[in-house]
Structure formats: structure tokens, C-alpha cells
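Data first, discussion second: the structure below is written as C-alpha cells.
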There are 2 protein chains.
Amino acid sequence: MRLDRVGGANYLCCMAATNEDTIASRISRILADRIITGQLEPGAKLRQDHIAEEFGASHVPVREAFRRLEAQGLAVSEPRRGVRVASFDLKEVREVAQMRASLEVLALRHAAPHLTASILDRAEEATVAGDNSSDVRSWEEANRRFHRLLLAPCDMPRLLAAIDDLHAVSARFLFSAWRSDWEVRTDHDHRAILGFLRQGKVDNALAVLERHVQWIGQKPVRSASGSLREAFAIVG
Amino acid sequence: MRLDRVGGANYLCCMAATNEDTIASRISRILADRIITGQLEPGAKLRQDHIAEEFGASHVPVREAFRRLEAQGLAVSEPRRGVRVASFDLKEVREVAQMRASLEVLALRHAAPHLTASILDRAEEATVAGDNSSDVRSWEEANRRFHRLLLAPCDMPRLLAAIDDLHAVSARFLFSAWRSDWEVRTDHDHRAILGFLRQGKVDNALAVLERHVQWIGQKPVRSASGSLREAFAIVG
DNA sequence: TAAATTCATATTATCTATAATTTTGGCGCG
DNA sequence: CGCGCCAAAATTATAGATAATATGAATTTA
């Protein structure tokens with residue numbers, strides 16, 4: 001029995017408010033975390049019996065979890081052939097980056113009038129936390145906190161949910177490239193955005209944000225199989 | 001036995017390419033259609049036993065269909081209290097309109113270089129079909145065809161899927177306001193967009209599209225319960 | 001002999017049927 | 001009028017049956 005491994009779903013802290021009770025949502029959350037962090041590699045088969053056994057549950061809640069992952073774009077399901085972890089390529093990374101840019105700009109434009117000094121201070125703390133983080137996971141968490149803090153006051157729940165989903169996919173790319181080795185970097189864009197917002201120069205902040213989100217880092221990375229390939233990730 | 005009522009899912013013709021085989025996807029498609037067209041009113045409870053019985057199926061595929069509807073934003077599920085048709089208000093209509101504006105502009109910007117004369121001609125046919133349609137359903141279908149034709153060449157599958165989902169929600173608003181009575185209108189925006197695209201003036205086309213999608217019509221409408229209320233719908 | 005096809009087996013997804021928890025609604029009682 | 005308990009209904013999960021798919025050996029064909 002390896003039930004003790006089950007507890008660790010650290011990525012998604014604040015999900016869609018609904019369902020926190022049911023087994024299906026638990027499974028879906030944990031599987032999403034494994035896919036995002038790269039524990040489950042792209043293309044890996046998700047066999048419902050095995051997963052059901054691991055969680056000490058039956059296949060039905062597992063299937064429901066699959067449908068959720070499918071809708072999030074983290075898994076793909078072929079009708080009677082089962083479910084696999086969704087794969088991705090550079091084209092999709094770019095696509096997600098541009099969607100994020102569009103939607104985050106929209107969100108920030110609506111959030112800007114409601115931003116308070118306190119929020120901006122907390123966003124700055126998140127930036128500092130990101131600069132000081134020693135691994136990808138904590139950096140990603142800080143980065144997501146920064147964006148969420150600035151965008152949440154737009155008060156558009158569906159928009160925020162869509163952005164969250166895109167963030168998850170971005171994070172997946174990020175983990176895939178920088179899982180093991182991680183170099184500390186200082187985030188000048190975040191500070192620039194905060195600076196403009198403090199001066200009330202919303203349009204400037206929007207422009208920086210739009211560029212920032214679309215910035216895609218590249219680096220060579222040694223894959224699990226040992227071969228060297230080019231990796232990429234949205235870094236904003 | 002009322003199994004003959006089951007066949008009519010006319011709204012979503014071209015879904016996400018996956019699953020066309022399984023019972024769960026069938027149920028989800030048909031329920032989505034009923035929600036969008038207003039056959040199922042906002043807030044209505046979706047009881048899995050009844051639905052299972054209607055489709056001559058069991059609870060399990062129904063539950064899977066629920067998870068999909070939930071992800072599409074057409075239904076909301078409270079953990080052990082069941083699933084209801086998602087309700088909506090003017091605020092959400094505006095939100096969806098703005099999201100559509102952002103994403104459709106992004107899509108058209110990428111699609112524009114790949115638009116051919118043949119595509120533009122077919123889009124014009126769709127516009128004519130819309131102007132000549134005598135009921136909401138056919139108008140909506142023509143309108144969606146117009147947008148899809150122009151945006152599809154962007155070759156960004158995730159973006160197109162997101163836009164499709166938003167279109168479904170928009171259509172829901174539309175049906176809610178204009179279900180019974182429908183006045184013919186000529187769509188000047190569509191023609192303006194086509195004109196600019198034919199002249200290669202992409203930026204102008206983008207500007208019209210952005211305004212067009214956010215145009216929200218309002219009219220008083222008599223609800224099922226007989227009371228008079230103000231309705232609204234994205235018309236673009 | 002090698003390639004391809006067929007057939008049998010085993011694995012897996014899908015669905016039905018049934019049991020256990022939880023919510024809901026009503027009824028009596030304070 | 002409000003509160004708590006009991007019954008009915010609905011959701012959630014489990015276990016078992018069915019159908020489809022993948023795998024591999026055996027047979028046929030070039």
C-alpha cells in the first residue's frame with residue numbers, strides 16, 4: 001500500500017470553489033498536479049483500474065476525474081482506447097502565451113481601478129519571494145500569486161477561471177524545462193508593472209504585462225530518456 | 001417510452017473532435033443543447049436518475065456528462081446536493097462578451113494572413129443566410145458559421161475551442177431573450193468586416209469585430225412564469 | 001524463409017445493477 | 001411558531017457484467 005504518497009497535491013491551492021468533498025475531485029486535483037509538475041510525462045497512459053486501486057476507490061470517480069482533466073486540456077481521451085496525458089509542442093506553448101496575454105490584459109484593465117496600495121504591496125512581496133526562491137515550484141507559486149493578486153479585483157469570475165487554467169498549462173511547460181536545475185533570476189517586468197500601476201499609468205502597465213506574459217524562455221534540457229532536446233517555457 | 005425525443009441535438013454540430021461514440025458524450029451534447037436553447041431553464045435541477053431513465057442508460061454516463069457541462073460553465077454542481085443549470089445575469093453577459101472580443105480579435109489577427117477569397121465568399125453567404133433567417137436558431141447558426149469561417153485559419157486549436165465555448169454561452173443568452181419572437185435584421189457589422197478584410201485593412205476589421213462582439217441588445221421579455229423582465233443578449 | 005493475416009487470449013474501457021450516505025421534506029411535539 | 005425526528009428521494013460509490021481493443025502465437029501466402 002502506497003496510500004501515503006497520495007496526500008501531496010500542492011500545486012492547485014485555490015480551485016474552482018465548487019467540489020472539495022467528492023473523491024472524483026480529489027483524484028482530479030492530484031492527477032492535475034502530477035501532470036503539471038511533470039511526474040506524469042506527456043503521452044503516459046492513465047489506466048483507470050490502477051489509479052482506482054492506488055486511491056483505494058472504484059473506477060467511476062476516476063472516470064469523472066478524467067472528464068475534468070480532459071476539459072482542462074491536461075489529458076486527451078480516445079473513445080474506447082483510454083486516456084493519456086496531453087502532449088504539447090512549441091506551437092501550443094506560444095498559443096497559450098498569447099491567450100494569456102489577451103485575457104490578462106483584459107483582466108488587469110478592469111482590475112486597475114480597484115487596486116489598493118495594500119494589494120500592490122502584497123504583489124511586491126510576491127515578486128521578492130519569487131526572486132528568492134530556490135526551486136521551480138516555489139518560484140511558480142510566487143509568480144502565480146503575483147498575477148492573481150493584480151487580476152482578482154476585476155471581479156470577473158469566468159475570466160479568472162479561464163486565466164487559471166491557462167496558468168496551469170503554462171506551469172506545465174515551465175516544470176518540463178526547469179524541473180531539476182533552476183537558476184535564480186530577478187523579475188524586472190513585475191517591478192515595472194507595479195511601478196506603472198503605482199503611478200496610475202495603467203496603459204503602460206498593460207503594455208508591459210502583455211509583453212511579459214508572452215516571453216518564452218528556451219534552454220537545452222536532458223530528457224528522461226537521456227537525449228538532449230530543446231525545451232521552452234512561458235516564464236512570466 | 002419517449003426515446004424519440006432524444007435525437008434532437010442540433011446546436012453543436014462540430015464539437016471537440018474527440019468522443020462521438022460514448023453514451024456520456026451523447027448525453028452531454030444533448031443536455032448542452034437543451035440548456036443553450038432554453039429548453040432547460042436556469043436553475044433547473046438535473047436529476048441523474050431521471051435523465052438516465054430518459055436516455056435508457058445508467059447513472060454513471062450521466063455523471064460524466066455532468067462533469068463536462070460543469071467545465072463548460074453550463075451547469076453548476078454542489079458537492080452532495082446535485083447539479084443545476086447555471087444561471088446568469090447581465091454582469092456575466094458582459095463578461096463573456098468581453099472575453100469573446102479579446103479572443104476573437106486575437107484569432108482574427110492570426111487568421112487574416114491565411115484568409116482566401118473563397119473563405120470570404122462563404123462568410124458572405126453566411127451573412128446573407130443570417131439576414132434571411134426567420135427564427136433565432138437559424139440566425140444563430142449562420143452567425144456562428146460566419147465567425148468560425150473567419151477565425152478557423154488561425155490554426156490555434158485551443159483558442160478556437162475556448163471561443164466555441166464562449167459562443168455557446170452567448171447563444172444561450174440570445175435564445176433566452178429572442179426565443180419566441182424574432183425580428184429580421186441586416187448585419188452591417190459583418191459586411192463591414194468582410195469589406196475591410198477584402199481590402200487588406202486588417203486593423204480596421206479587428207476594430208469592428210471588437211465592437212461588434214460586445215454589442216449587447218436589450219428588450220423586455222415575458223418569462224415562463226408570466227412576469228415581465230428585462231432580457232439581454234450578445235447579438236454579434 | 002519472410003511477411004502478412006488470422007485466430008485466440010488477455011487486458012482495458014464502458015456500462016448496468018446494487019448498496020451505502022446524505023440531503024430533503026413532512027409531521028408531530030414542545 | 002419553531003425544533004427535532006423519521007421517511008422518502010437523490011447523490012455518491014462499489015462490485016460485477018459486457019464489449020471493444022491490444023497482444024501474441026499459429027497459420028497461410030508470396
Side-chain angles (χ1 to χ4, degrees), chain A residues 1 3 6-7 9 15-31 34-35 40-41 43-71 74-87, chain B residues 1-3 6-7 9 15-31 34-35 40-71 74-87:
Chain A
M1 287 300 176
L3 281 180
V6 162
M15 192 80 202
T18 83
N19 308 351
E20 208 52 44
D21 190 4
T22 141
I23 294 187
S25 70
R26 215 175 92 86
I27 295 178
S28 119
R29 222 172 47 244
I30 294 174
L31 288 183
R34 290 188 191 163
I35 295 174
L40 285 171
E41 292 202 1
K45 291 186 66 172
L46 299 176
R47 272 170 299 223
Q48 56 181 345
D49 306 6
H50 298 188
I51 296 175
E53 192 190 11
E54 177 190 347
F55 286 89
S58 176
H59 6 260
V60 179
V62 176
R63 303 189 108 264
E64 291 183 39
F66 283 173
R67 295 291 94 83
R68 191 112 123 230
L69 295 174
E70 203 183 343
L74 294 175
V76 293
S77 143
E78 290 180 279
R80 290 202 161 252
R81 297 183 158 189
V83 176
R84 310 181 81 96
V85 176
S87 55
Chain B
M1 285 299 178
R2 51 198 178 296
L3 281 181
V6 162
M15 192 81 203
T18 84
N19 308 353
E20 207 52 40
D21 190 4
T22 144
I23 293 186
S25 70
R26 215 176 92 87
I27 295 178
S28 119
R29 224 173 44 246
I30 293 174
L31 289 183
R34 291 189 191 163
I35 295 175
L40 286 170
E41 291 202 1
K45 289 186 69 171
L46 298 176
R47 272 170 299 224
Q48 55 181 337
D49 311 9
H50 299 187
I51 296 174
E53 192 191 10
E54 177 189 349
F55 286 88
S58 176
H59 321 156
V60 178
V62 176
R63 303 189 107 261
E64 290 185 39
F66 283 173
R67 294 292 92 83
R68 192 117 120 224
L69 296 173
E70 203 184 342
L74 294 175
V76 293
S77 142
E78 291 180 277
R80 293 201 163 249
R81 299 186 155 185
V83 177
R84 312 180 82 96
V85 177
S87 55

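Scope of the values below: all heavy atoms of this structure, side chains included, with no hydrogens, waters or symmetry mates. None of these values were measured; they are calculated from a predicted model.
- Following rounding to the nearest Å, B:E64 (CD) and D:dT12 (C1') show an atom-to-atom distance of 14 Å.
- Rounded to a whole Å, the CD atom of B:E78 is 14 Å from the C1' atom of D:dA10.
- One atom, CD of B:Q48, and another, P of D:dA13, lie 10 Å apart when rounded to the nearest Å.
- The side-chain heavy atoms of A:L31 and A:F66, taken from C-beta on, include a pair separated by under 4.5 Å.
- Between B:V83 and B:L69 the shortest side-chain heavy-atom distance does not fall below 4.5 Å.
- If you measure from atom NE2 of B:H50 to atom C1' of D:dA8, you get 12 Å, rounded to the nearest angstrom.
- Along DNA chain C, the stretch of nucleotides lying under 4.0 Å from any heavy atom of chain B spans, 5' to 3', C:dC15 to C:dT24.
- In this structure, B:E54 and B:H50 have side chains that are not in contact, with every pair of non-hydrogen atoms separated by 4.5 Å or more.
- Although no hydrogens or angles enter the test, the distance criterion places no donor-acceptor pair under 3.5 Å between the side chain of A:R84 and the main chain of A:V76.
- Atom-to-atom, CG of B:L46 to P of D:dA10 comes out at 13 Å; the value is rounded to the nearest Å.
- At whole-Å resolution of the value, CZ in A:R80 and P in D:dA22 are 12 Å apart.
- For A:R81 and D:dA20, the CZ to P distance is 14 Å, given to the nearest whole Å.
- Here the side chain of A:H59 is nearest to one of D:dA15, D:dT12, D:dA20, namely D:dA15.
- In this structure, the side chains of B:I23 and B:F55 stay at 4.5 Å or more apart for every pair of heavy atoms.
- Taking CZ from A:R63 and CZ from B:R67, the interatomic distance works out to 13.5 Å, rounded to the nearest 0.5 Å.
- Between B:R47 and A:P61, the residue whose closest nucleotide on DNA chain D is further toward the 5' end is B:R47.
- Rounded to whole Å, the distance from CG on A:D49 to P on D:dA13 is 17 Å.
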